[in-house]
Undergrad: 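This is the structure I want to talk about, given as structure tokens.
Just so we're on the same page: letters track the sequence lines, and every chain starts at 1.
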There are 2 protein chains.
Amino acid sequence: MTKKPRGRPRSYDPQKALGKALESFWASGFASTSLDDLAAATGMNRPSLYAAFGDKKQLYLKSFEIFAGGVHAALTSLKEDSSPPRKALERFYAEATEIYLSGPDGPRGCFIICTAPVEAANDDDIREALSTVLSEIDKGLEAFFEKAKSKGELAKDTDASARAKLAGAVLHSLAVRARAGETKQELQKLAREAVSLLT
Amino acid sequence: MTKKPRGRPRSYDPQKALGKALESFWASGFASTSLDDLAAATGMNRPSLYAAFGDKKQLYLKSFEIFAGGVHAALTSLKEDSSPPRKALERFYAEATEIYLSGPDGPRGCFIICTAPVEAANDDDIREALSTVLSEIDKGLEAFFEKAKSKGELAKDTDASARAKLAGAVLHSLAVRARAGETKQELQKLAREAVSLLT
DNA sequence: TTATTATTATTCGGATTGGTACAAAATTCA
DNA sequence: TGAATTTTGTACCAATCCGAATAATAATAA
């Protein structure tokens, strides 16, 4: 159905290119990733980058949203996990750890936690985006604890909101620790302790 | 008895200048802080900066060590606090929160957690410095929990090392959340929950 | 074929980057 | 007073930065 557009066809896949841009920003952050880096990574030239995604910051924010979508999906998956809360949270942290330890050039932590805070102090848009994601993480985890309460798998007098903030804190820390070079065993130790105390 | 040196006297105070450099890096991170920024902040000109502190990265690492010294002092103070563990940890988090929320241009979080991770992936020296501080935080908190155990104020079968990692995670999260714009009340809620579950 | 449209590729420009060379300035020592 | 020494201030360097202007290219529409 989609009629072919009029002019010269694109020689790149916008989705793929955005993915490559995300990888670049993830590796080096916003300030240290140059347009040349982005052009090389995406295989696009500068003007095409602009036409497709706007300026550098817009491209960063679009990459940010892609990653945030993954976070959102993970939270939804956690909330819908039918296994016991302890098991579900364990899996949630294990999957995050796996991602944080991945990377073509060594562990790179979390795109958001490791690259956005440094920019947040001087850029309102990035701070806003970061703030939104942190809040979504808290909200997602709160829903998880609320569900556990309602299923009787967590004490009724538990403050789900407060516990969610603590569970989120563990995620933030895993992100930073991974990028700092901590081993999988160390990260798992933190996750295990968190699951043990939180659920 | 320090004899006066031979040549033209310095027109700056190295300690004060380093403090100003730290402020600059804290505000904008390593990559986004230019030598012009640093020269303006310290009141020194570029060649003097080089003579005094070496290149930009060395200056960043020196600033890093200054801040790390503060972290170390806070951990020592926590360990030596004679009040009940719960009170001591409360104060520890409250003091950190105060620092994270401070800043001439709004809350700036933690110098280390908010500026080092982004560089850590591509710079071995910065990753090493970050890794060292994270480890020191864990160690310092572990000593605190060990002491609480030995005083009988914490269950004997508590894994102090694991609990320290979780306590450190809260600190990391406070650092990021503050820079993202969370209010003091929200940060305190996280700290309160942490103290409640950890001690 | 010819016009239209959209994208690509090359090039450029002004600003900024980290770092340095060199001469002027300010001090102590002889 | 003058030589020696250290720091300062200006100017400069090559490289890189982000962004845009322009022209060539490749497709559809008429």
Undergrad: Which nucleotide in the list dG19(C), dT6(D), dA26(D) gets nearest to the side chain of Pro9(A)?
TA: dA26(D)

Undergrad: Looking at Glu193(B) and Arg163(A), does any basic side-chain N land under 4.0 Å from a carboxylate oxygen?
TA: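 Counted as a salt bridge, because a side-chain N and a carboxylate O are separated by less than 4.0 Å.
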
Undergrad: Roughly how many Å is it from OH in Tyr50(B) to P in dC22(C), rounded to a whole number?
TA: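 Spelled out: OH on Tyr50(B) to P on dC22(C) is 18 Å.
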
Undergrad: Below 4.0 angstrom, N of the basic side chain to O of the carboxylate: do Arg46(A) and Asp36(A) qualify?
TA: yes

Undergrad: On DNA chain D, nearest-nucleotide positions of Tyr12(B) versus Ala31(A): which is more 5'?
TA: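 Looking at DNA chain D, the more 5' nearest nucleotide goes with Tyr12(B).
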
Undergrad: Please give the nucleotide sitting opposite dA20(D) as a Watson-Crick or G-U wobble pair, both distances under 3.5 Å, or none.
TA: dT11(C)

Undergrad: Closer than 3.5 angstrom, by distance alone: can the side chain of Asp81(B) be matched with the main-chain N or O of Leu78(B) as a donor-acceptor pair?
TA: no

Undergrad: What's the closest nucleotide to the side chain of Arg6(B) if the choices are dG19(C), dT25(D), dC29(C)?
TA: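 So the nucleotide nearest the side chain must be dC29(C).
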
Undergrad: What does Thr33(A) touch in the nucleic acid at a heavy-atom separation under 4.0 angstrom: a base, only the sugar-phosphate, or nothing?
TA: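 It contacts sugar-phosphate atoms only.
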
Undergrad: Atom CE of Met44(A) to atom P of dG19(D): distance rounded to whole Å?
TA: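 Atom-to-atom, Met44(A) to dG19(D), this comes out as 15 Å.
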
Undergrad: Charged N to carboxylate O under 4.0 angstrom, Glu95(A) versus Arg91(A)?
TA: yes

Undergrad: Picking from dA21(D), dT5(C), dT8(C), which would you name as closest to the side chain of Pro47(A)?
TA: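 It is dA21(D).
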
Undergrad: Does a side-chain N or O of Ser34(A) approach OP1 or OP2 of dC17(D) to a distance below 4.0 Å, or not?
TA: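 Affirmative; the distance criterion is met.
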
Undergrad: I need the CG-C1' distance between Leu35(B) and dT16(C), as an integer number of Å.
TA: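 Distance check: Leu35(B) CG to dT16(C) C1' gives 11 Å.
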
Undergrad: Take atom CG of Asp36(B) and atom P of dA15(C), then tell me their distance rounded to the nearest Å.
TA: 14 Å

Undergrad: Tell me: CG of Asp13(A) to P of dT8(C), nearest whole Å?
TA: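 So the CG-P distance, Asp13(A) to dT8(C), works out to 12 Å.
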
Undergrad: Applying a 3.5 Å limit to both distances, which nucleotide forms a Watson-Crick or G-U wobble pair with dT27(C)?
TA: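 Partner of dT27(C): dA4(D).
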
Undergrad: Using whole Å, what does the distance between atom C1' of nucleotide dG18(C) and atom CG of Asp55(B) come to?
TA: 9 Å

Undergrad: Output the rounded distance in Å from CZ (Arg8(B)) to C1' (dT6(D)).
TA: 9 Å

Undergrad: What is the separation between atom CZ on Phe53(A) and atom C1' on dC18(D), rounded to the nearest whole Å?
TA: 17 Å

Undergrad: Taking OP1 and OP2 of dT7(D), is either one under 4.0 Å from a side-chain nitrogen or oxygen of Ser48(B)?
TA: no

Undergrad: Is Asn45(B) near enough to dG9(D) that one of its side-chain N or O atoms lies under 4.0 angstrom from OP1 or OP2?
TA: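 Affirmative; the distance criterion is met.
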
Undergrad: May I ask you to establish whether Lys57(B) and Phe30(B) are in a cation-pi arrangement, using a distance under 6.0 Å from NZ or CZ to the six-membered ring centre and at most 45° from the ring axis?
TA: no

Undergrad: Please find out if less than 6.0 Å separates the ring center of Phe111(A) from that of Tyr60(A).
TA: yes

Undergrad: Which nucleotide wins on minimum distance to the side chain of Arg10(B), given the candidates dA27(D), dT8(D), dA20(D)?
TA: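 Comparing dA27(D), dT8(D), dA20(D) against the side chain of Arg10(B), the answer is dT8(D).
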
Undergrad: Let me spell it out: for each of Arg46(B) and Phe30(A), pick the nucleotide of DNA chain D with the closest heavy atom. Which residue's pick is nearer the 5' end?
TA: Arg46(B)

Undergrad: Could you pick out which residue, Gly43(A) or Gly7(A), lies toward the 5' side of DNA chain C when each is mapped onto its nearest nucleotide?
TA: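 Between the two, 5'-proximity favours Gly7(A).
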
